[in-house]
Structure formats: structure tokens, C-alpha cells
Peer 1: 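Just passing along the structure, written as C-alpha cells.
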Number of protein chains: 2
Amino acid sequence: MADRLQELAGAELEVLKALWHLGPTTVREVLNHLHERGKKVAYTTVQTLMIRLEQKRFVVSDKSDVAHVFRARVSRDRVTRSRLKTLMAQLYDGAAGPLVLQLVRNERLTPEEIEQLQELVGDLDPGE
Amino acid sequence: MADRLQELAGAELEVLKALWHLGPTTVREVLNHLHERGKKVAYTTVQTLMIRLEQKRFVVSDKSDVAHVFRARVSRDRVTRSRLKTLMAQLYDGAAGPLVLQLVRNERLTPEEIEQLQELVGDLDPGE
DNA sequence: GGTATCCTACTACGATTGTCGGAGGTCGTC
DNA sequence: GACGACCTCCGACAATCGTAGTAGGATACC
């Protein structure tokens, strides 16, 4: 129960991403954004998702205007961290190593990412 | 539809993990394993999950014995890769970098992992 | 001031998930 | 040959998820 972040369903995440992108905004704006991205959904579907997100406390709404304004309460990084933690717990008893190695081995990184990574990793001390 | 790996539900993954750990085995053995881990579930629950895993093609069964023997068809790494890919797609438009950096920054790695990582990362060429 | 438009609130419904119970077969043992 | 231990098969049921329709109020424009 503690980790409510985990209860984010797929379609809800889609909406939350729109909120991250757009900033505090209305159902209508999120709907437009999704339509631009090629995602066809009904107005009320988005509305339902946003209400569920609020019930789950991932967003808050300001109801002073006719069209309620919703705002994300959790950051993208926070959600990522939570998801990664779940993944680590589920698959590797909480160890981060296998995931990191898997990613570095199998995925393409941009030059900037490589540089940042080299710097970060260079600072690590295997110790003993 | 292509990526059937994504349709692995949480409780199903628990069972799949048991199969990875135990090798090809029966419902009873998986049940015992879960009980040892402190997970209290009924025999038929595990059975249902294993059948669903088979329907989703994550495992195959040999029905020649009275107690059917189930075997994982996908590896832990394969599932991890798929999950990571989903995470990347959902949260960072498919980019691996943010995940790697997030992990290296926030998670503890063992000395061995650090060494492996340094070696891997040292070989990367930011090039351009 | 009627009509189209937009918004919220509520309800709904099929699919998936997590969890089991019961029916009915087989097998070993007393 | 009845009893208990196991097994599979089938059905079920509540919760969550994805998706959306409808009712009814506000707004705005002609």
C-alpha cells in the first residue's frame, strides 16, 4: 500500500505524460495533445483517466474555473525511479547491477549520455 | 500485439520466477517454493497462473505424467529487456540514457558490477 | 432567447487479473 | 475396497482497467 506510485496504469501514464509536457491544464488540452500524437480517445475517456489519477493522488486539480485545471503531483523521474525499483525487486531481488549492465550492453546511447556516464562511472570506487 | 512479453501480469511473473529458479517442474513444487518464500496462495491459484502463462506462451508443459511439468520458454533477461524497453518507450520515447543515468546515480552497485561497468563504459566511444 | 458548444458528474460494460472452490479421476495403503 | 492424498478441469467472483455514452448545467453567439 505504501508505494502508490506503482498503481499507475498504462493509459493513466499516457495522460500523466501529457500533463508533464503541457504543465497544468484541462481535459480538453490533454485530449488535443493526445489527438496530435495520433492517439484516438474520447473526451470522457481522458476525463475519467484524469479523475482516476486524482483519486490515486498522482495529480491535483483546481476547480475554481469552469474547466478544471489538473496538475501533476509527481515528477517523471519519481515515476521512473519507482518503476525501476519494482523491476529490480521483481526480477533481481532489488539489485540494480543487472539492469545497468543490460542497458549499457544492449542499448544505444547518445554521445552526451556516454560522456556523462563515463564521468559518473569514473567516479565510482569499487572499493573492496 | 506483437510484443506478447508485455502481457505478463504481476502474479504470473512471480510464478515464472519460480520456474526460472526451479527449472521444469510441477504446480506442487512451485506452490511449495512460493510458500517457502512466505507467499500464501492456494494450489489452484498457482495452477491457474501456470495455465495462463502457458496460454500466453511464456511456458510450455509436458502432460505425459499425471502431474504436468511446466518449463519456462523465455529467459529472465528476455523479460527484463522487454520490460526495460516498455519503460523507455513509455517514459523517455525509447531513450535508454535517462534510465542508465538514473540507475547509476541513485542505486548501489557491487564492486564487481562497478568494474564490469567501468570496463563496458570505457569501451564506448562518444564519437559523433 | 433559442441553439450550439463545452464542461462535469455519473453510469456502464467488456477484458484482464488475482484468487479460489468444487467435481471428479487416479493411486497408494490399510 | 474404502480412505486420504493428489491432480486436472472448469467455473466463478470481485477489483481494476480501458473506453465511452448520457444527463444536465453553463456559456456564448446570432
Side-chain angles (χ1 to χ4, degrees), chain A residues 1 3-19 22 24-35 37-71 79 83 86 90, chain B residues 1 3-19 22 24-35 37-71 79 83 86 90:
Chain A
M1 264 348 77
D3 197 353
R4 295 186 80 57
L5 278 190
Q6 209 31 49
E7 301 164 24
L8 239 189
E12 288 163 3
L13 179 56
E14 210 60 34
V15 167
L16 189 52
K17 275 168 64 182
L19 283 177
L22 299 170
T25 191
T26 62
V27 172
R28 177 66 53 182
E29 290 303 316
V30 170
L31 178 69
N32 289 343
H33 181 72
L34 294 179
H35 280 177
R37 312 241 127 188
K39 172 111 181 146
K40 294 267 179 269
V41 278
Y43 182 93
T44 47
T45 300
V46 176
Q47 191 189 28
T48 299
L49 292 172
M50 290 173 83
I51 289 170
R52 287 183 186 164
L53 279 171
E54 183 167 27
Q55 282 162 356
K56 294 181 179 181
R57 326 237 17 223
F58 289 100
V59 314
V60 286
S61 67
D62 174 350
K63 302 193 171 52
S64 49
D65 272 344
V66 175
H68 300 176
V69 172
F70 294 78
R71 175 172 62 77
V79 170
R83 292 278 234 239
T86 301
Q90 286 177 332
Chain B
M1 273 336 83
D3 196 352
R4 297 187 78 56
L5 278 191
Q6 209 31 49
E7 302 165 25
L8 238 189
E12 289 163 3
L13 179 56
E14 210 59 35
V15 167
L16 188 52
K17 274 168 65 183
L19 284 177
L22 299 169
T25 190
T26 62
V27 172
R28 176 65 53 181
E29 291 301 317
V30 169
L31 179 67
N32 290 343
H33 181 72
L34 293 179
H35 280 178
R37 311 243 127 188
K39 173 113 179 140
K40 294 266 177 271
V41 277
Y43 183 93
T44 46
T45 299
V46 176
Q47 191 189 29
T48 299
L49 290 172
M50 289 172 84
I51 289 170
R52 287 184 186 165
L53 279 170
E54 183 167 28
Q55 283 163 354
K56 295 182 179 179
R57 326 239 16 228
F58 290 101
V59 314
V60 287
S61 67
D62 175 350
K63 302 192 171 50
S64 50
D65 273 343
V66 174
H68 300 175
V69 171
F70 294 78
R71 175 171 63 76
V79 170
R83 291 278 233 239
T86 302
Q90 286 178 331

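Naming: A, B, ... by sequence-line order, numbering from 1 per chain. Predicted model only: the values in this text are computed from it and were never measured.
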Peer 1: What's the separation between atom OG1 in T48(A) and atom CD in Q55(A), rounded to the nearest 0.5 Å?
Peer 2: 9.5 Å
Peer 1: Does a side-chain N or O of Y43(A) approach OP1 or OP2 of dC7(C) to a distance below 4.0 Å, or not?
Peer 2: yes
Peer 1: Give a yes or no on whether the backbone of V30(B) and the side-chain of H35(B) come within a donor-acceptor separation of less than 3.5 Å.
Peer 2: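 No: the side chain of H35(B) does not pair with the backbone of V30(B).
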Peer 1: Do E29(A) and N32(A) come close enough that some side-chain heavy atom pair is under 4.5 Å?
Peer 2: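 Yes. Closest side-chain heavy atoms under 4.5 Å.
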Peer 1: Rounding to a whole Å, what distance do you find between D62(B):CG and dT8(D):C1'?
Peer 2: 15 Å
Peer 1: Between E14(A) and R37(A), is there a side-chain N and carboxylate O pair less than 4.0 Å apart?
Peer 2: no
Peer 1: Rounded to whole Å, please give me the gap between NZ in K63(A) and P in dT8(C).
Peer 2: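 Value for this atom pair: 10 Å.
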Peer 1: Find the distance I51(B):CD1 to dA12(D):C1' and express it as a whole number of Å.
Peer 2: 15 Å
Peer 1: What's the CD-P distance between Q55(B) and dT16(C), to the nearest Å?
Peer 2: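 That distance rounds to 11 Å.
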Peer 1: Sort out for me which residue in R52(A), R83(A), K56(A) forms a side chain to side chain contact (heavy atoms under 4.5 Å, CB included) with L8(A).
Peer 2: R83(A)
Peer 1: Could you give the CZ-to-P distance, from R28(A) to dC7(C), as a whole number of Å?
Peer 2: 4 Å
Peer 1: Report the distance from atom CD of E29(B) to atom P of dC6(D), rounded to the nearest whole Å.
Peer 2: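 Distance, rounded to whole Å: 12 Å.
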Peer 1: Report, as a single string ordered 5' to 3', how protein heavy atoms within less than 4.0 Å touch nucleotides 16-30 of chain D: B base, S sugar-phosphate only, - not at all.
Peer 2: -BBBBBB----S---
Peer 1: Find the distance L53(B):CG to dG18(C):P and express it as a whole number of Å.
Peer 2: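 Spelled out: CG on L53(B) to P on dG18(C) is 10 Å.
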Peer 1: With distance as the sole test, does E54(B) use its side chain to make a donor-acceptor pair with the main-chain N or O of S61(B) at under 3.5 Å?
Peer 2: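 Side chain of E54(B) to backbone of S61(B): a pair is present.
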Peer 1: For the pair made of CG in L31(A) and C1' in dC6(C), what is the distance, rounded to whole Å?
Peer 2: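 To the nearest whole Å, that distance equals 12 Å.
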